[in-house]
Amino acid sequence: MNQTWMYKSGCISFSLDLLTSERAEANVRMINAVRTVTIAMEMVARPVLARIGSISGGEDSAVFELPSLAPRFYSNIEHQKDISDVALDCDLLCLQSDGSSFQIPRAMTVWISREQLDDASPSAALQLQISLDVDIYAAVDDDVRDNRHLAALNGVRFNSFLATLVRTLPAQVTDVDACYHAPGLVTATGFALPNM
Amino acid sequence: VATALAGLLSADLWHWKAIYLACKSSDPAQREKAKADYTTLSNDPELGKWFGEVKSTLKDANTDKIIGQIAAILVITVITAGVGDIVAAGALGWGMSAGSTALVVGTAEAATFTLLSQMMLDSNHSAGHIALEFGANIAMFGLMRRFALFAETAKLTKVQAMTGNVLIMAATTFAKADLDKYIADGRHLNSEEVGNIAMQGMVMAIAMHAIAPLTKPLFRNLEGRTYAFCSKLRANNLARVRLSEQALLLRGTKNFSEAQAYVAKERAWLEQRLRVLDEVEAAIKAETAGGKKPVEGGIAAKILLGETDLAALRVDLQGKLASNSDSGLLINLEPLAPGLYSCPRAHIADTARALGTVEQVSAPDPMTSVKEYTIRTADGQVVKIREQLPAWVSQPGGGRVTRSAINAGLTDALFNLPPAEINALLEADAAMIRGDDAGAKAALNKTSLSHQESARLEVQMLTSTASLRPKIYKLAVADVDAAVAAMKATGRLSVDITKVAHDAKLGRAGSLGELEAIQRWLDKGSRVEALPENQNALLPDGTTKKNPDYRVDGVITEVKVREGALNEKWIKEQINNANTQVKRSGHDENGSVELLLTTKDNGKVSLEDVDRQVKANFNNSRSSRLTRVSVFKDGVLFSEWHRVENGNVIRVYPSGASK
């Protein structure tokens, strides 16, 4: 049995509400959130593309490759008052059984958006969604695949990332969507770690 | 030309106005004079010359012949209407009945019309031709007598106030419309058009005889005071102004239901006015109770009305209320054919009783529940009134709801429901057709029917919509193998779904949902393709292998399944995910997404909620790579949006603009 994890777009997602009490305008709060997320994901993923949407320009009104265009990306958010959302396409940084690392390209998207995408109010609430296209963190063990080892290696790092976000943004996980997995395998605190 | 024509028409060279006013005079001598003057005028050869001037004015303008003729005929129309008006007014003054007035009006107009058309338009002056024309015109104006029968029926009831002027107004409208039709199409109005025109005339008559515009504000100098009744008084006087405006707007419209609504509102206003009067009188009595002398004379001094005046005011208001009731009664009747009328179900019993003796009530029609009343009027005429079903019954859903109610023994209960509850039943019918049983139940619960009645109606409605209900795609774990075998047997499935089937058998909602979607696509005759399934591993170039993203008839189609209760952002987020996925497909093409709501809590999901979430992220500036978003609830299509050519998004199911 050499099959372990699967690819399925958006197969697992976590939805969070940002709980900030800041009175700053939405774009300022968004830039702070992006910085926090980027730092928190350091051990788990690396953002490679940023897509900015605005109320006036719609989706992808500006697109930046990261990290090369990171300064322009942050500057754009700072100066775009009607920013509606920021999507970060990320490569996942994973460990293999032998201790070596590998990347899964574009396998995670972090989407920070206004609660209502067309709500131009400076005080608009912000939401965050982490959408995974792979289940490498899930301790799946059935008659087709056994992913417990990779889950044990990598799941703890993802859970740590999620916990950091909840604490530092701060945020609250409001929803977990994992309809391709057994109940209890994915929860608001992340992935259930296997008993190896 | 217009100035010259206006001058000719407005100069009143023939003193019609004087004759008309004399007709209306209470002086018998004046009325006799009017009669003589009218006869003289009709025979005056100078009148023909004057018509000639009108004609030559049109000719001098070198107007196109046909337009000139039409214009001339319109002039004649105006003139004949004027003649008719004089005759009718005279008839009233001479004490003729409404029916005979109509007859005289018809004959007089026919004769005048023949004369004028001969003079101005027709080159054939042979006696035979003139007789033929006269016959045609008599027939034309004879149609008015059919309308007069309607008025006669009304006259036989308490509706005395509606005869006379109302008849003239309606008849004039009718005659003009028939002339217009004759001029335009060379034929007279058919029975349906007659009905419409009669209604138009009646609506205008209601507007012309509205009570509110002719009524003064009540106790205006008390409006600013602080008596308990003052707020009602102010509201009533304000309502008078609004009703007057509405009566003005009503003139010239054909909107019968608006006229009915106006009469009802006017009735409510008059009733409120009587109640205010009650309160004012009670307050006056309280001020003077026990021989007290109110400060500065109290209310009585402010309104400058004594006890007798107040009593007279009450009688006046009661009279107006009675007149309003008569109007309400009259407009309930809609002529269908001579001697046959329709009447809204809610008013038919009262209207029938008011018309005369109800001799027979037919058994309800088994399909529509419509009954027909046979009435003998006071003068021995027999008229029939058929129940008029409300407009909503003629809608497909309305028909099903009605039949269901009949089968459930709830006919009367159904037709007594207010409009909002009828809408709820139509909503329930639509929900059943969508397969949205929870939505149907929620809609049924909005009615005031008892629990038992509602349950009986629901059973019948489920039966009546059974053949229209969509197939429900809800796959059980135990059925997965058989379903997959059937899918493969179609030969239109170019994808290995072994892994999806495996996970579906483990009860994974996402995989079950995907199989349900594949079943649905195949049932529609679509061809379903997908990339081979893969787990694990990167390809040699470092990219990931992907599990199936479907192509349905060549279109990238994402399936997203919601296992838990729908929250405020799931749809928004999944549309975003699907759009991103289509972008990443590596092709410069668009795709669609199907969102499957599978939780047991779906009954709480409303179309409004889904509509709002979809539109938030699928519009002319967002999710540009998606051309379709479909939401399925409990295995059937719940709602669907399409991107159209201009980039905008419209909801195509359920049809109708999304809010």
Side-chain angles (χ1 to χ4, degrees), chain A residues 1-13 15 17 51 53-61 84-85 87 89 91-92 102-107 109 111 113-119 127 129 131 133-136 140 142-145 147 150 174-183, chain B residues 498-500 502-504 506-514 531 533-538 541-549 558-565 567-570 572-574 576-585 596 598 612 615-617 619-625 647:
Chain A
M1 191 183 294
N2 60 4
Q3 293 180 332
T4 56
W5 49 271
M6 74 161 183
Y7 183 102
K8 171 72 188 169
S9 64
C11 60
I12 299 166
S13 64
S15 298
D17 281 351
R51 295 177 278 121
S54 66
I55 293 169
S56 55
E59 66 177 321
D60 297 356
S61 54
S84 58
D85 60 312
D89 293 346
D91 291 349
L92 286 182
F102 70 104
Q103 295 180 16
I104 308 177
R106 305 282 180 95
T109 303
W111 189 42
S113 66
R114 291 179 190 249
E115 185 176 12
Q116 302 295 327
L117 287 165
D118 58 352
D119 174 11
Q127 295 176 334
Q129 188 203 28
S131 178
D133 295 340
V134 294
D135 69 347
I136 194 165
V140 175
D142 57 37
D143 53 343
V144 174
R145 60 191 177 120
N147 190 52
L150 284 179
T174 55
D175 192 47
V176 177
D177 200 35
C179 61
Y180 292 90
H181 294 87
Chain B
T498 309
K499 176 64 173 59
V500 180
H502 170 270
D503 287 353
L506 292 174
R508 305 289 181 261
S511 301
L512 281 166
E514 287 191 22
L531 293 169
E533 291 179 33
N534 286 284
Q535 286 80 43
N536 200 25
L538 303 174
D541 64 358
T543 59
T544 46
K545 289 181 178 179
K546 297 179 181 181
N547 271 340
D549 282 321
E558 288 280 313
V559 178
K560 306 287 182 190
V561 179
R562 177 64 178 178
E563 193 178 11
N567 60 24
E568 286 292 313
K569 47 190 166 185
W570 185 81
K572 170 185 128 178
E573 290 174 346
Q574 294 310 318
N576 187 61
N577 288 347
N579 186 51
T580 303
Q581 190 59 25
V582 174
K583 279 183 204 166
R584 287 182 190 166
S585 68
L596 279 55
T598 64
R612 182 169 35 78
K615 285 167 69 180
N617 201 16
N619 52 50
N620 60 5
S621 67
R622 300 207 65 96
S623 302
S624 58
R625 298 292 288 276

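Predicted model only: the values in this text are computed from it and were never measured. Letters go in sequence order (proteins before strands), and every chain restarts at 1.
- Contact annotation for A/Ala87: neither backbone nor side-chain heavy atoms come within less than 4.5 Å of a heavy atom of chain B.
- Annotation: salt bridge (Lys or Arg N to Asp or Glu O under 4.0 Å) contacts of B/Lys572 (sequence neighbours excluded): none.
- Here the CG atom belonging to B/Asn567 is positioned 6.5 Å from the OG atom belonging to A/Ser15, to the nearest 0.5 angstrom.
- For a residue to count as touching a neighbouring chain, one of its non-hydrogen atoms must lie under 4.5 Å from one of that chain's; by this rule A/Ser61 does not touch chain B.
- Taken from SG in A/Cys11 to CZ in B/Arg508, the straight-line distance is 13.0 Å, to the nearest 0.5 Å.
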Item to complete: Any chance you could lay out the salt bridge (Lys or Arg N to Asp or Glu O under 4.0 Å) test for A/Lys8 and B/Asp503, step after step, and finish with the verdict?
Response: CA-CA 13 Å; A/Lys8 171 72 188 169; B/Asp503 287 353; over 6 Å; no
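- The side-chain contact (heavy atoms from CB on, under 4.5 Å) check on B/Glu568 picks up B/Arg612, with sequence neighbours excluded.
- Between B/Lys583 and A/Asp60 there is a salt bridge, since a side-chain N of the basic residue sits under 4.0 Å from a carboxylate O of the acidic one.
- B/Asn577 touches chain A through its side chain: at least one heavy atom from C-beta onward sits under 4.5 Å away, while N, CA, C and O do not.
- B/Glu573 places none of its side-chain heavy atoms less than 4.5 Å from the side chain of A/Ser131.
- With a threshold of 4.5 angstrom between heavy atoms, B/Leu506 approaches chain A through side-chain atoms but not through N, CA, C or O.
- Chosen from A/Gly58, A/Ser84, A/Cys179, the residue pairing most often with chain B at heavy-atom distances under 4.5 Å is A/Cys179.
- For chain A, no part of B/Asn620 is nearby; none of its heavy atoms comes within less than 4.5 Å.
- If you measure heavy-atom distances from A/Gln127 to chain B, the contacts under 4.5 Å come from the side chain alone.
- Two residues are said to be in side-chain contact when any heavy atoms from C-beta on lie closer than 4.5 Å; B/Asn576 and A/Glu59 fail this criterion.
- For A/Ser56, no part lies near chain B; criterion is any non-hydrogen pair under 4.5 Å.
- When A/Asp175, A/Asp118, A/Asp89, A/Val176 are compared by the number of non-hydrogen pairs under 4.5 Å with chain B, A/Asp175 comes out ahead.
- Here the CG-CG distance, from A/Leu117 to B/Asn619, works out to 8.5 Å after rounding to the nearest 0.5 Å.
- Across all non-hydrogen atoms, the minimal contact from A/Ala178 to B/Glu563 is O-OE1, 4.4 Å.
- The closest side-chain heavy-atom distance from B/Lys560 to A/Asp177 is not below 4.5 Å.
- Within the 4.5 angstrom heavy-atom criterion, atoms from both the backbone and the side chain of A/Asp17 approach chain B.
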